J.: 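Sharing a structure with you now.
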2 protein chains.
Amino acid sequence: MKIYEKLRNELKKRHLRITSQREAVLSIFLENQGEHLTADEVYEKLSHKNSHISKATIYRTVDLLKEMGFLSKVNFGDGMERYEVKEPNSHQHHHLICTKCGRIYEIKEDLLEELEKLIEEKTGFKIVDHQLNFYGICPRCQALSEEKESKKKAIQHSIK
Amino acid sequence: MKIYEKLRNELKKRHLRITSQREAVLSIFLENQGEHLTADEVYEKLSHKNSHISKATIYRTVDLLKEMGFLSKVNFGDGMERYEVKEPNSHQHHHLICTKCGRIYEIKEDLLEELEKLIEEKTGFKIVDHQLNFYGICPRCQALSEEKESKKKAIQHSIK
DNA sequence: CTCGCTGCAAAGCCTTTGCATTCGC
DNA sequence: GCGAATGCAAAGGCTTTGCAGCGAG
């Protein structure tokens with residue numbers, strides 16, 4: 001597994017220690033690609049694998065993994081810090097967040113490369129990363145609310 | 001003042017009460033356009049005006065003002081909820097966040113209208129809003145670090 | 001053997017909540 | 001006067017920290 005070697009090398013480079021906890025936390029993210037896990041969710045998933053790592057260590061580890069470039073932090077405004085595997089050589093992808101059901105869908109393409117260049121030219125900023133979230137109603141919820149509407153109407157009709 | 005009338009109308013419409021606290025909290029945001037205030041910052045700014053409103057009320061009020069469309073929540077991933085005045089009939093503008101000094105610069109234009117339409121067509125989402133943050137090094141910090149570099153070099157030269 | 005890492009519990013922050021009191025309407 | 005809004009303090013949720021003990025190098 002190439003990425004665990006990478007982890008070990010990166011740790012050695014920084015004169016930090018290779019521990020089972022660090023590998024275990026990374027493994028959870030690798031096994032749950034596409035999810036945006038909170039510290040607590042990592043803790044739960046580890047518990048289900050009979051791997052009990054304290055929350056404190058999980059917080060310290062995700063932070064370290066982020067600093068080393070294995071994870072990136074994403075923020076959906078729900079009051080918890082979430083992390084996901086960082087694709088190598090790529091900016092963060094984008095998220096579609098349904099304001100009804102809270103489901104999160106991903107947009108794979110990076111839509112903002114050109115925009116970034118434009119902003120760099122205009123503002124003199126050296127842009128390192130971006131985060132883009134769209135908020136709306138997902139097709140599923142749109143369908144559900146239409147269903148409700150027609151039920152409501154059906155009931156009103158039957159009352160008449 | 002047109003916006004306070006708007007506030008009163010909106011409150012009446014919802015059968016809620018017009019209170020001095022609600023007007024005071026809104027006034028802080030109006031007096032600090034362009035800033036992204038936390039509940040605590042609102043509290044402090046009110047205190048400086050000898051207007052003591054409890055934190056609980058501030059939290060309740062910013063939330064209400066957001067629901068009524070006067071404020072919008074912005075999230076810079078710093079662990080606090082921030083609010084700013086919402087421009088009427090416009091989506092949120094975007095933010096340039098310097099990862100060195102933490103200063104936040106605004107991009108006035110809405111760069112994503114077309115992108116939004118494209119995504120609606122592709123995914124079937126009904127998009128309501130978006131939030132876009134760019135992270136990078138602002139020109140000021142770039143200049144400062146160049147300065148440091150040249151100082152460092154100057155020192156190295158003088159040692160030789 | 002040394003010093004970094006972990007686990008535990010406690011503390012820290014920001015935010016929310018319960019309840020008595022105050023105050024619009 | 002009624003019920004909503006406020007203030008206070010307490011509780012809640014997520015995250016960080018201090019410290020003793022453990023374990024990698």
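Keep in mind the model is a prediction, meaning the values are calculated, not measured. Per chain, numbering begins at 1; letters A, B, ... match sequence-line order.
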J.: So what is the end-to-end bend of the helix from dC1(C)-dG25(D) to dC25(C)-dG1(D), with 5 pairs used at each end and the value given to 10 degrees?
T.: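 One end's axis against the other's: 30°.
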J.: Pick the nucleotide of DNA chain C nearest each of S54(A) and A39(B); which residue has the one closer to the 5' end?
T.: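 Nearest-nucleotide comparison on DNA chain C picks S54(A).
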J.: Without decimals, in angstroms, what is the distance between M80(B) CE and dT16(C) P?
T.: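 Those two atoms, CE and P, are 14 Å apart.
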J.: Any salt bridge between E10(B) and K6(B), counting N to O under 4.0 Å?
T.: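 Here E10(B) does not pair with K6(B) in a salt bridge, since their nearest N and O are not under 4.0 Å apart.
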J.: Whole-Å distance between dA5(D) P and L65(B) CG?
T.: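 Going from L65(B) (CG) to dA5(D) (P), I get 13 Å.
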J.: Would you mind telling me which of K55(A), K45(A), R82(A) makes a salt bridge (Lys or Arg N to Asp or Glu O under 4.0 Å) with D40(A)?
T.: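 Single pass found, and it is K55(A).
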J.: Rounded to the nearest angstrom, tell me the gap between atom CZ in R82(B) and atom P in dC14(C).
T.: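 Whole-Å distance recorded here is 10 Å.
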J.: Have a look at H15(B) and say if it touches a base, only the backbone sugar-phosphate, or nothing, with a 4.0 Å heavy-atom cut-off.
T.: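 No contact.
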J.: In whole Å, what is the span from the CD1 atom of I58(A) to the C1' atom of dC5(C)?
T.: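 It is 14 Å, rounded to the nearest whole Å.
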J.: If you only use heavy atoms from C-beta on, which nucleotide in dC8(C), dC5(C), dA9(D) is closest to the side chain of A56(B)?
T.: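 My answer, after comparing the listed nucleotides, is dA9(D).
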J.: Between R60(B) and K12(B), name the one whose nearest nucleotide on DNA chain C is closer to the 5' end.
T.: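 Between the two, 5'-proximity favours R60(B).
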J.: Considering just the side-chain nitrogens and oxygens of Q21(A), establish if one lies under 4.0 Å of OP1 or OP2 belonging to dG7(C).
T.: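 For Q21(A), the contact criterion (side-chain N or O under 4.0 Å from OP1 or OP2 of dG7(C)) is met.
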J.: Answer yes or no: does a side-chain N or O of T19(A) lie under 4.0 Å from OP1 or OP2 of dC5(C)?
T.: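 No, no such contact exists.
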J.: Are H36(B) and F76(B) close enough that their ring centers fall under 6.0 Å?
T.: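 They qualify: ring centres under 6.0 Å apart.
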J.: Rounding to an integer number of Å, can you tell me how far Y43(A) OH sits from dC8(C) C1'?
T.: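 Distance check: Y43(A) OH to dC8(C) C1' gives 11 Å.
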J.: Report yes or no: do L64(A) and I18(A) belong to one cluster of Ile/Leu/Val/Met/Phe/Trp/Tyr joined by side chain heavy-atom distances under 4.5 Å?
T.: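 Cluster IDs for L64(A) and I18(A) match.
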J.: Give a yes/no answer on whether the side chain of T57(B) brings an N or O atom under 4.0 Å of OP1 or OP2 in dG7(D).
T.: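 Yes.
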J.: For E31(B) and K49(B), run salt bridge (charged side-chain N to carboxylate O under 4.0 Å, His left out): C-alpha distance rounded to whole Å, both residues' side-chain angles, the deciding distance at 0.1 Å, then the answer.
T.: CA-CA 12 Å; E31(B) 289 163 16; K49(B) 291 172 70 181; 2.9 Å; yes
J.: When the distance from CG of D78(A) to P of dT15(C) is rounded to whole Å, what number comes out?
T.: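 Roughly 13 Å, once rounded to whole Å.
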J.: In whole angstrom, give the distance that lies between atom CD1 of I53(A) and atom C1' of dT6(C).
T.: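 Result: 10 Å.
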J.: Between R22(B) and dA5(D), does any side-chain N or O lie under 4.0 Å from OP1 or OP2?
T.: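 For dA5(D), OP1 or OP2 has a side-chain N or O of R22(B) closer than 4.0 Å.
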J.: For residues V85(B) and L30(B), report the shortest heavy-atom separation together with the two atoms involved.
T.: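 Closest pair (atom of V85(B), atom of L30(B), distance): CG2-N, 4.3 Å.
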J.: Select one nucleotide: of dC8(D), dT6(D), dC5(C), the one nearest the side-chain heavy atoms of L16(A).
T.: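 Shortest atom-to-atom distance from the side chain points to dC5(C).
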J.: Go through the steps to decide whether E23(A) and R8(A) satisfy the test salt bridge (charged side-chain N to carboxylate O under 4.0 Å, His left out), and finish with yes or no.
T.: CA-CA 9 Å; E23(A) 297 191 340; R8(A) 289 187 196 135; 2.7 Å; yes
J.: Nearest to the side chain of E81(B), which nucleotide is it out of dG7(D), dA9(C), dT15(C)?
T.: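 For E81(B), the side-chain atoms sit closest to dT15(C).
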J.: For K55(B) and dC13(C), give me the distance from atom NZ to atom P, rounded to whole Å.
T.: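 From K55(B) NZ to dC13(C) P: 11 Å.
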J.: Measuring only between side-chain heavy atoms, which start at C-beta, is Y43(A) closer than 4.5 Å to I53(A)?
T.: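 Counting from C-beta outward, Y43(A) and I53(A) never come under 4.5 Å.
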J.: Choosing from dG18(D), dG18(C), dA4(D), which nucleotide comes nearest the side chain of R17(B)?
T.: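 Looking only at heavy atoms from C-beta outward on R17(B), the closest nucleotide is dA4(D).
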J.: When you measure from the side-chain N and O atoms of Y59(A) to the phosphate of dT15(D), is any distance below 4.0 Å, counting only OP1 and OP2?
T.: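 Y59(A) to dT15(D) OP1/OP2: side-chain N or O found under 4.0 Å.
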